[in-house]
Number of protein chains: 2
Amino acid sequence: MFMSHTVRSYDAELKYLEKKIVEMGRHAEKMIKSSVASIISDDLQLAAQVIADDVFLDEAERDIDDKAITIICKRQPMAVDLREIVGAIRISADLERIGDMAKNIAKRAIAISEIRQPATFYRGLEIITTLALNQLAEVLDAYTNRLLDPINAVRDRDNKIDALYTSLFREFLTYMMEDMRNITVCTHLLFCAKSIERIGDHATNIAETLHYIITGHHMSSDRFRDDAVYEVRVEDKKKD
Amino acid sequence: MFMSHTVRSYDAELKYLEKKIVEMGRHAEKMIKSSVASIISDDLQLAAQVIADDVFLDEAERDIDDKAITIICKRQPMAVDLREIVGAIRISADLERIGDMAKNIAKRAIAISEIRQPATFYRGLEIITTLALNQLAEVLDAYTNRLLDPINAVRDRDNKIDALYTSLFREFLTYMMEDMRNITVCTHLLFCAKSIERIGDHATNIAETLHYIITGHHMSSDRFRDDAVYEVRVEDKKKD
C-alpha cells in the first residue's frame with residue numbers, strides 16, 4: 001500500500017528512479033541479444049556496438065546512486081519509500097553487471113571471429129540465452145507492476161539455467177576432446193555460457209530485491225547465490 | 001548529557017558497520033587462501049570448510065544492510081556519515097561476492113580432486129592469488145585508516161592482474177592442446193584464475209567506494225570495470 005505524498009516533487013523523484021531502472025533493463029536486454037547475435041553471426045560491427053553501448057549502463061548506475069543519496073538526504077524517507085530507494089541502488093548494480101557480461105561476450109565475439117564452427121556449437125548458447133532473457137523480462141515486468149507472484153517462479157527457474165549450464169560445460173569439453181582445434185573457440189563459448197548463467201543469477205538477485213521492496217523482508221537464503229559450478233567430471237579421453 | 005549519550009550511540013552504530021566490514025574482509029582473505037590451497041594440495045576437507053565458511057559473509061552482508069537502513073531511518077545522516085553508510089552497503093556486497101568466488105574455487109577443488117597434475121600447472125594460479133590478496137589487504141588497510149593515497153595504486157595494479165590472467169589463459173590453452181587429458185583440469189583451473197581476477201576487480205571496486213566515502217566524488221571511469229577478456233588468440237594446433 002503506497003501512501004500518496006503531499007509533496008509532488010518527491011513523487012517525481014521516486015518515479016525518476018523507477019523510470020531509469022526500467023530504461024537500464026531494456027538497454028541490458030538489447031545488449032544481451034546483440035552480444036550473442038554477434039558471436040553466432042560473427043558480426044564484428046554489432047560486437048563493437050555492444051561494447052560502446054555499455055557506457056549507458058555505467059552512467060545510469062552512477063546517476064541512480066547520486067539521485068538516491070540526494071533523495072535520502074533531502075526527504076529522509078521511511079519504510080517503503082526507503083526500501084524503494086535502496087532497492088533502486090541494488091537493482092541498478094545488478095543491471096550494470098549484466099551489461100558487463102554482455103560486453104564480455106561481445107569481446108569474445110571479436111576474439112574468436114573468423115574461427116567458424118558448425119551451428120551445433122552455438123545452439124546451447126542460444127537456448128540458455130533465451131532462458132536468461134525470459135527471466136530478465138519477467139523480473140522487469142514484476143518490478144514495473146510491483147508483482148510479488150512471479151518472484152518465486154523466477155527463483156526456481158534459475159536452477160534450470162544452472163543445470164543447462166552444467167550440461168553445456170560437458171558438451172563443450174566433449175567438443176574439445178574430440179578435436180583439439182576446437183579448444184580455443186569452445187573455451188570462449190564456455191565463458192560466454194558462464195556469463196549468461198551469471199545474468200540469470202543477477203535476474204534472480206533483482207527478484208529478491210523486489211521481494212524486499214514490496215514486503216520489507218529478505219527472502220530465505222535457501223537459494224545458492226553463487227555461480228553454478230560444473231560438478232560432473234567428463235571422462236578424459238586417453239591419448240592413444 | 002542526554003545529547004552526548006545519543007551522539008555516542010550514533011558513533012557506536014557507525015563503528016559497528018566499520019568493524020563488521022573489517023571482519024568480513026579478514027574472513028574473505030582466509031577463504032581465498034584456503035580455497036586455492038585446497039586446489040593445490042587436493043585437500044577436500046579444506047575445500048568443504050571454505051564452502052561452509054561462506055555463510056558468514058552472506059549473513060554479515062544482510063546484517064550490514066539491515067543496520068545501515070535502520071541507521072538512515074533513525075539518524076537521518078548527512079554528508080560524510082551518509083557516505084560511510086552507503087559505502088558500507090557497497091563494500092559488503094563486494095566482500096560477499098569475493099566469498100562466492102572462493103567458494104567456487106573450493107567446489108572446483110572437489111570436482112578435480114584425484115586428477116593430479118605437475119606443480120607447474122598451479123604456479124600461475126598461486127602468483128595471481130598472491131597479487132589479488134595483496135590488493136585486498138591494501139584496500140582493507142586503506143579503509144580502516146581512511147587513506148586516500150593507496151587507492152590509485154590499487155587501481156593501477158589491477159591492470160597487472162588482468163594481464164597476468166590473459167597470459168594464464170594462453171598457458172592453460174597450450175597445456176590443453178599439448179595433451180587432451182589436460183582439458184578437464186585446465187578448464188577448471190582457468191575458471192579459478194578467472195575467479196581470482198574477479199576478486200581483483202572487487203578489491204578495486206572497494207578502493208573506488210572508499211574514494212567516494214572520503215572525498216564525496218566518484219573516481220573518473222577510465223578504468224574498465226569489466227572482467228579481463230582474453231584477447232590474444234592461441235594458434236590452434238592442426239590435427240595431423
Side-chain angles (χ1 to χ4, degrees), chain A residues 54-55 58-59 62 65-66 68-69 72-73 76-79 82-83 86 89-90 93 96 99-101 103-104 107-108 110-112 115 169 172-173 176-185 187-188 190-191 194-195 212 218 221 224-227 229-239, chain B residues 54-55 58-59 62 65-66 68-69 72-73 76-79 82-83 86 89-90 93 96-97 99-101 103-104 107-108 110-112 115 169 172-173 176-177 179-185 187-188 190-191 194-195 212 218 221 224-227 229-239:
Chain A
D54 188 48
V55 179
D58 292 346
E59 284 172 359
R62 261 175 207 210
D65 279 8
D66 289 342
I69 290 168
I72 293 173
C73 278
Q76 297 156 356
M78 305 289 277
L82 184 59
R83 293 202 304 272
V86 174
I89 293 175
R90 284 189 198 148
E96 190 272 336
D100 286 345
M101 300 295 111
K103 186 159 90 167
N104 282 354
K107 284 187 180 178
R108 290 183 194 281
I110 294 168
I112 63 172
I115 319 182
F169 191 107
F172 285 125
L173 253 60
M176 291 191 221
M177 286 170 192
E178 275 168 10
D179 185 340
M180 55 176 73
R181 285 172 299 184
N182 296 334
I183 288 175
T184 300
V185 167
T187 304
H188 280 292
L190 198 48
F191 273 101
K194 183 77 191 160
S195 293
Y212 170 77
H218 294 293
S221 59
F224 290 109
R225 284 195 56 223
D226 56 322
D227 308 323
V229 169
Y230 168 74
E231 310 278 2
V232 192
R233 188 178 307 156
V234 173
E235 196 67 40
D236 289 304
K237 289 195 178 175
K238 290 281 182 296
K239 200 171 72 170
Chain B
D54 189 47
V55 179
D58 293 346
E59 285 173 359
R62 260 175 206 210
D65 279 8
D66 289 341
I69 290 168
I72 293 173
C73 281
Q76 296 157 356
M78 304 288 278
L82 183 59
R83 293 203 304 273
V86 173
I89 292 175
R90 285 188 198 151
E96 190 272 335
R97 288 301 294 160
D100 287 344
M101 300 295 111
K103 187 158 92 166
N104 282 355
K107 284 187 180 178
R108 289 183 195 281
I110 294 168
I112 62 173
I115 320 182
F169 191 107
F172 284 126
L173 253 61
M176 290 191 223
M177 287 168 189
D179 185 340
M180 54 176 73
R181 285 172 298 186
N182 295 335
I183 288 176
T184 301
V185 167
T187 304
H188 280 292
L190 199 47
F191 273 101
K194 184 76 191 160
S195 293
Y212 170 76
H218 293 293
S221 59
F224 290 111
R225 284 196 55 221
D226 57 320
D227 308 322
V229 169
Y230 168 72
E231 310 277 1
V232 192
R233 188 177 307 154
V234 172
E235 196 66 40
D236 290 305
K237 289 195 178 176
K238 291 280 184 297
K239 201 172 73 171

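Here is the naming used below: chain letters follow the sequence lines, and residue numbers restart at 1 for every chain.
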Step-by-step side chain to side chain donor-acceptor pair (under 3.5 Å) determination, His218(A) to Asp65(B): CA-CA 10 Å; His218(A) 294 293; Asp65(B) 279 8; 5.5 Å; no
To the nearest 0.5 Å, atom CZ of Phe191(A) lies from atom CD1 of Ile112(A) at 13.0 Å
Between the CZ atom in Arg90(B) and the CZ atom in Arg90(A), the distance rounded to the nearest 0.5 Å is 12.5 Å
- With a 4.5 Å limit on heavy-atom distance, are the side chains of His188(A) and Phe172(A) in contact? no
Given Asp66(A), Ile69(A), Val55(A), Val86(A), the one with more heavy-atom pairs under 4.5 angstrom with chain B than any other is Ile69(A)
Honestly, the part of Arg83(A) sitting under 4.5 Å from a heavy atom of chain B is neither
Honestly, the part of Leu82(A) sitting under 4.5 Å from a heavy atom of chain B is side chain
